[in-house]
Amino acid sequence: MSSPKILNNKLYLYLTEFFSGMSVMAVELGASRLLAPYFSSSQIVWTIIIGTIMIAMALGNIMGGRWADKNPNPDKLYGRIIVAAIWIALIPVLGKFIIIGISGVLVLTIDTNFLVIAAFAACMVIFVFPLFLLGTVTPSLVKYTVDSLDDSGKVVGYLNASNTIGSIIGTFVPTFISIPAVGTAITFLIFAGILLLLAIIYFVSSRKKSVKSVVGVICFIIACIFGHDSSFAFWQHDLTYEGESIYNYLQVSEDDSKVVLSTNVLFGVQSVYRKEKTLTGMYYDYAMAAPYMAGINEKGGIDVLILGMGTGTYATQCRRYFDNVSVEGVEIDGKITKLAREYFELPEDVQVTTYDGRAYLQGLSSDKKSQDKKYDVIMIDAYQDITVPFQMSSVEFFKLVKEHLADDGVIVVNMNMISDGEDGINTYLSDTISDVFPYVYTVDVQNNTNRELFASSNPDIAERFKNGYEQEENEDLRTMMQKVDGGLVKYEAGSHILTDDKAPVELLSMKAIDALIRNEVDYYKSIYKEKGLSGLMDELF
């Protein structure tokens, strides 16, 4: 069998390698964005994505080499590329349903490591097969491009270089261009379309009829019709806003009383704004104890810095209930700040810097004009869902926080997963903070999974807090502070210290979320065991 003339053009073969490598990386990054709203974007989830994709590529390389030796028909290779393109195009259509289906089954059948197992199963089902097919490209192309042993090294080198360059571009384009501009779903469709076009060019130029090409075009059109919807929470039809930024999936919902921001469709919310401009009933209210501890009644005014500004609920609360407060915020996701201005009534005069919280403090330390800047209250609210940024959990970080805290100042840390036991994430965080600040108090938020931690070098913060709120004229706020005072406990420090070198926050967070999930689904598990799937569906719907 003679090879099609297009294969004599090595540029076309290099382009095949180039777009294959580009698509692999684009799918990998798309996988992280598809999974993040359901399983977070922690290092563990990234490890699962990279690991499963490397497995797929390794198997593809092995089988591609065998198939190329056994049947070196290029129709087979470009047929596989069409199948990979169809599969990738259908990911936006079916991927979300597969993830929810897998999660629903696993949450009823396993008790530990739910997120790890569910994310791994989702990756295996959704992403392994198309990337396995793309993994067969390189060994097959070597078969078609190497004319003799004299130039085999050079040709293979060019092929690998084409793949690598494509992979590099495929890393940057989704992250900085396509996903922020058009979303994850359309990003999958773009790269599926490139692969499909590449294969169609082969079959058209070879003047061969290909059923796979026709089927591929039909499936791609169907995917474009039904797969362009960027909604991850597909069961919700009344969202005020749903979109993506470089860092997050973003969802804003509202009813008559409140507006809510969530970056995860399965676990928790990040910000709540009460339209009637009252207390939220959430952890923000508990954190209002910090200004009293910092002596707001004794001082002419206090400066508050919020690391992890979100939509500014805490800033809004402080400005609403205290007259003499200056608030600054740091938020790494600039799109969240835009949503805060648009939907959450964050005042325009509240300064928000788009930056990482730790990097911001380091910038203050290195800037001669700002290095002496001290804050009376530093609020740390950067622990998002189950994602705890390790660089903002270590003893080195809290020492940096202390450098920019007034001598009698207070830090307040929102820890959003109550985990009991000596090896829980909150124990590690509390012990780490206690290694820097000698006076640490905690209070659990009622009917919630949050815990607020207050820390200072001032031994009188508890007494100052009590004296401060007892003078409060606002009855609602005073009642709230009485509730905080009733649950405030002095923390007895242990020796679980997180450092920049060793901070296993992902594993600790996974253990905490496992416990929360068990508590939430035990009731439904009992119904499932007693009445089966039909009984469970009756209970849910």
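When reading the values below, keep in mind they use all heavy atoms of this one structure, side chains included, and skip hydrogens, waters and symmetry mates.
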Audit row: Val217, Ile200, side-chain contact (heavy atoms from CB on, under 4.5 Å) steps and yes/no: CA-CA 9 Å; Val217 171; Ile200 289 175; 3.6 Å; yes
side-chain contact (heavy atoms from CB on, under 4.5 Å) between Phe132 and Ile55, worked out: CA-CA 8 Å; Phe132 162 76; Ile55 291 171; over 6 Å; no
Worked check of side-chain contact (heavy atoms from CB on, under 4.5 Å) between Ile99 and Phe39: CA-CA 10 Å; Ile99 291 172; Phe39 304 124; 3.7 Å; yes
side-chain contact (heavy atoms from CB on, under 4.5 Å) assessment of Leu141 paired with Tyr14: CA-CA 9 Å; Leu141 289 181; Tyr14 294 144; over 6 Å; no
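Asp501 contributes atom CG, which lies 9.5 Å from atom CZ of Phe390 (distance to the nearest 0.5 angstrom). Going from atom CG of Asn414 over to atom CG of Asp381 covers 4.5 Å, rounded to the nearest 0.5 Å. Atom-to-atom distance recorded for Ile425:CD1 and Leu429:CG is 4.5 Å, nearest 0.5 angstrom. Taking CD1 from Ile168 and CZ from Phe18, the interatomic distance works out to 9.5 Å, rounded to the nearest 0.5 Å. With rounding to the nearest 0.5 Å, the separation of CE in Met22 from CZ in Phe172 is 12.0 Å. Rounding to the nearest 0.5 angstrom, the gap separating the CZ atom in Phe176 from the CD1 atom in Ile246 is 6.0 Å.
Smallest separation of non-hydrogen atoms from Gly95 and Leu34: CA-CD2, 4.5 Å. Counting all heavy atoms, side chain and backbone alike, Asp431 lies closest to Ile497 at O-CD1, 3.5 Å. Between Phe220 and Ala89, the shortest heavy-atom distance links the atoms CD1-CB, 4.0 Å. In this structure, Ala340 and Gly310 approach most closely via the heavy-atom pair CB-O, 4.2 Å. Across Thr52 and Ile49, no two heavy atoms sit closer than the pair OG1-O, 3.0 Å. Minimum heavy-atom separation, Asp500 to Glu396: N-OE1, 3.0 Å.
Ile336 pairs in a side chain to side chain contact (heavy atoms under 4.5 Å, CB included) with only one of the listed residues (Leu250, Val352, Thr354), which is Leu250.
At least one donor-acceptor pair under 3.5 Å links the side chain of Ser32 to the backbone N or O of Leu29. The backbone N or O of Glu244 lies less than 3.5 Å from a partner atom in the side chain of Lys335, making a donor-acceptor pair. For the pair Thr432 (side chain) and Leu498 (backbone), a donor-acceptor distance under 3.5 Å is present. With hydrogens and angles ignored, the 3.5 Å screen pairs no side-chain donor or acceptor of Thr353 with any backbone N or O of Tyr355. Proximity of a side-chain donor or acceptor of Asn61 to a complementary backbone N or O of Gly135 within less than 3.5 Å is detected. Although no hydrogens or angles enter the test, the distance criterion places no donor-acceptor pair under 3.5 Å between the side chain of Glu17 and the main chain of Ser162.
Atom OH of Tyr12 sits in a crowded spot, with more than 12 heavy atoms from other residues, nucleotides or ligands closer than 6.0 Å. The number of heavy atoms from other shown groups lying within 6.0 Å of CZ (Phe120) does not exceed 12.
Glu331 and Thr337 form no side-chain donor-acceptor contact under 3.5 Å, judged by distance and modelled atom types alone. Judged purely by distance below 3.5 Å, without hydrogens or angles, the side chains of Tyr249 and Gln251 pair a donor atom with an acceptor atom.
With sequence neighbours left out, Asp255 forms a side chain to side chain donor-acceptor pair (under 3.5 Å) with Ser257, Lys258. Considering only residues two or more places apart in sequence or on other chains, Thr136 meets the side chain to side chain contact (heavy atoms under 4.5 Å, CB included) condition with Trp67, Leu77, Arg80.
Tyr241 places a side-chain heavy atom less than 4.5 Å from the side chain of Leu339. Using a 4.5 Å cut-off on side-chain heavy atoms (C-beta onward), Arg358 and Ser394 make contact. Looking at Leu35 and Cys123, their side chains come closer than 4.5 Å, going by heavy atoms from C-beta outward. Counting only heavy atoms from C-beta outward, the side chains of Val259 and Thr240 never approach each other to under 4.5 Å. No side-chain heavy atom of Ile88 sits under 4.5 Å from any side-chain heavy atom of Phe127. Between Ile86 and Leu90 there is a side-chain heavy-atom pair separated by less than 4.5 Å. Within the 4.5 Å cutoff, the side chain of Asp356 has heavy atoms near those of the Gln391 side chain. Residues Tyr78 and Ser213 form no side-chain contact, since every pair of their non-hydrogen atoms from C-beta on lies 4.5 Å or further apart.
A salt bridge does not link Asp333 to Lys338: none of the charged nitrogens lies less than 4.0 Å from a carboxylate oxygen.
Ring geometry, Tyr273 versus Phe344: the interplanar angle exceeds 60°, so the pair is classed perpendicular (tilted spans 30 to 60°).
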